[in-house]
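Written below as structure tokens is the structure these notes are about.
In what follows, every chain begins at residue 1, and chains take the letters A, B, ... in the order their sequences are listed.
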2 protein chains.
Amino acid sequence: MSLKYILLGVLSESQSGYDIKKYFENSLKNFWNAELSQIYPLLQKMEKEGLLNGTTGDSDIGPKKRVYGRTEKGNSELESWLSEGPVVGSERIAYLAQVFFLASLKDKASAIAYMQKLKDYMAARLATLKAVETEWAGQDARYPDALPDDEFYPQLTLTLGIARLRGTVEWCEECISRIQARKEEPVEAGQ
Amino acid sequence: MSLKYILLGVLSESQSGYDIKKYFENSLKNFWNAELSQIYPLLQKMEKEGLLNGTTGDSDIGPKKRVYGRTEKGNSELESWLSEGPVVGSERIAYLAQVFFLASLKDKASAIAYMQKLKDYMAARLATLKAVETEWAGQDARYPDALPDDEFYPQLTLTLGIARLRGTVEWCEECISRIQARKEEPVEAGQ
DNA sequence: TGGGGCATGTAAGGGGTTACATGATTGA
DNA sequence: TCAATCATGTAACCCCTTACATGCCCCA
């Protein structure tokens, strides 16, 4: 039920479904994603509910576009979502489930290989987020604390993203050392 | 598609669906959850696929129980899941989406109130995880690095859980200070 | 002329939540 | 006797992913 509010949030500036998808790719991807096949029908539904109004056609050159904007009702719906406090719980992190069961791999080497792959992935994501931060800081002298509200709050989420990835990479390294330091458990003979 | 493998992982010791649900509540909840209405049908399906075998009735006293165990095929299915490397991507964190759009709240005070609630929630979760760690360490002298494999790897996930929550609480505090230090933006008159 | 990006959509199916249904056992 | 816990399940619904369908425009 969160996507509805995220669309409301994105539509502080009027956009088409296609534009919104690009916005997901560029900015929101780190904590949310949505496919066009989910966005288009939801925009229609939200227009019927009076949260958005859409206007077709006034495109520059390309094919006909449908651009949506928030209505007053949409504004207050978004505000009440935020006012009701943090939406938490039910995070599903598949790779942590895998780590939890790594004992099912036969030897330490496989477990270490797993953790190494995880570290590489997290390090790569960290690098891209750091690059985003560097570029942003270079392009806007107000970065980070003098940014206008609609950029300052997104910047907060970038900060957490970087801190978490940094922490996760460090944790992977720590895991690898700790696994390496352990004695190989003797495999039970017979059954 | 991960729940299937998580059930395989949990069933290194034979258990009923009901027992598995309790296991989720106690141990896995921090990175995965599943309801009984999801567990029961999936266990049946996995038995039909030959990944599990179930035996009914041999309960102590309570009502008839159906206890499942992993087959050889189930073992290798679990191993190949782990061997294929980390399952990553598509994490959805609703509260980060909310922070991203906090500019839609009219004043700084509301944003600070939001962050404070988030911090309280995270601090409470951190406290429970720390308590788990303290008790575990007190009950087993092998904690943490001399634990047997099937407890050592779960301990690694506990470590990350604690580190992340600690980081998140600190981030919330930092956000509150940074928001407080900002000048209140003048609301545009008229529009 | 053919591929790639722009642009909007529908259909099918998997995963997950909430609600409902049933019944036995245990303890207050 | 009544509520709580144990125990297993079905049904309806929502969210999301993958695949498919359509058509325009631009550039090589």
Item checked: Spacing between B:Glu47 atom CD and D:dT8 atom P, to the nearest angstrom -> 13 Å
Checklist line | d(CG, B:Leu42; P, C:dT17) in whole Å | finding: 13 Å
Next item on the list: Select one nucleotide: of C:dT18, C:dG16, D:dT8, the one nearest the side-chain heavy atoms of B:Glu35.
Entry: C:dT18
Note to self: Is it the case that over 12 heavy atoms from other parts of the model lie below 6.0 angstrom from the CD atom of B:Glu13?
What the structure shows: no
Next item on the list: Please tell me which of A:Ser37 and B:Leu36 maps to the more 5' nucleotide of DNA chain D, matching each residue to the nucleotide holding its nearest heavy atom.
Entry: B:Leu36
Check: Taking the nucleotide of DNA chain D with the closest heavy atom to each, which residue, B:Gln38 or B:Ser90, is nearer the 5' end?
Finding: B:Gln38
Check: Could you give the NZ-to-C1' distance, from B:Lys4 to C:dG16, as a whole number of Å?
Finding: 17 Å
Notebook entry, point to check: Between atom CD1 in A:Ile39 and atom P in D:dC15, what is the gap in whole Å?
Noted result: 15 Å
Check: Can you check whether A:Arg92 has a side-chain N or O nearer than 4.0 Å to OP1 or OP2 of C:dG15?
Finding: no
Checklist line | Nearest listed nucleotide, side chain of B:Pro41, among C:dT8, D:dT10, D:dG9 | finding: D:dT10
Check: Are the side chain of A:Arg66 and the backbone N or O of A:Gly54 linked by a donor-acceptor pair below 3.5 Å?
Finding: yes
Margin query: Keeping B:Lys130 on the side-chain end and B:Ile162 on the backbone end, is there a donor-acceptor pair under 3.5 Å?
Written below: no
Notebook entry, point to check: Between C:dT8, D:dA7, C:dG14, which one does the side chain of B:Asp19 approach most closely?
Noted result: D:dA7
Check: Separation of A:Tyr18 atom OH from C:dT8 atom P, in whole Å?
Finding: 9 Å
Item checked: Separation of atom NZ in B:Lys45 from atom P in D:dT8, rounded to whole Å -> 20 Å
Next item on the list: Could you label the plane-to-plane angle of the B:Phe100 and A:Tyr23 rings as parallel, tilted or perpendicular, counting under 30° as parallel and over 60° as perpendicular?
Entry: perpendicular
Margin query: If I take atom NZ in residue A:Lys21 and atom P in nucleotide C:dT8, what distance separates them, rounded to the nearest angstrom?
Written below: 14 Å
Note to self: When you measure from the side-chain N and O atoms of B:Gln44 to the phosphate of D:dG9, is any distance below 4.0 Å, counting only OP1 and OP2?
What the structure shows: yes
Note to self: Less than 4.0 angstrom from a charged side-chain N to a carboxylate O is my criterion; do A:Glu35 and A:Lys21 meet it?
What the structure shows: yes
Check: Can you check the A:Met1 CE to C:dT18 P distance for me, whole Å?
Finding: 13 Å
Notebook entry, point to check: Is any side-chain nitrogen or oxygen of A:Lys64 closer than 4.0 Å to OP1 or OP2 of C:dA7?
Noted result: no
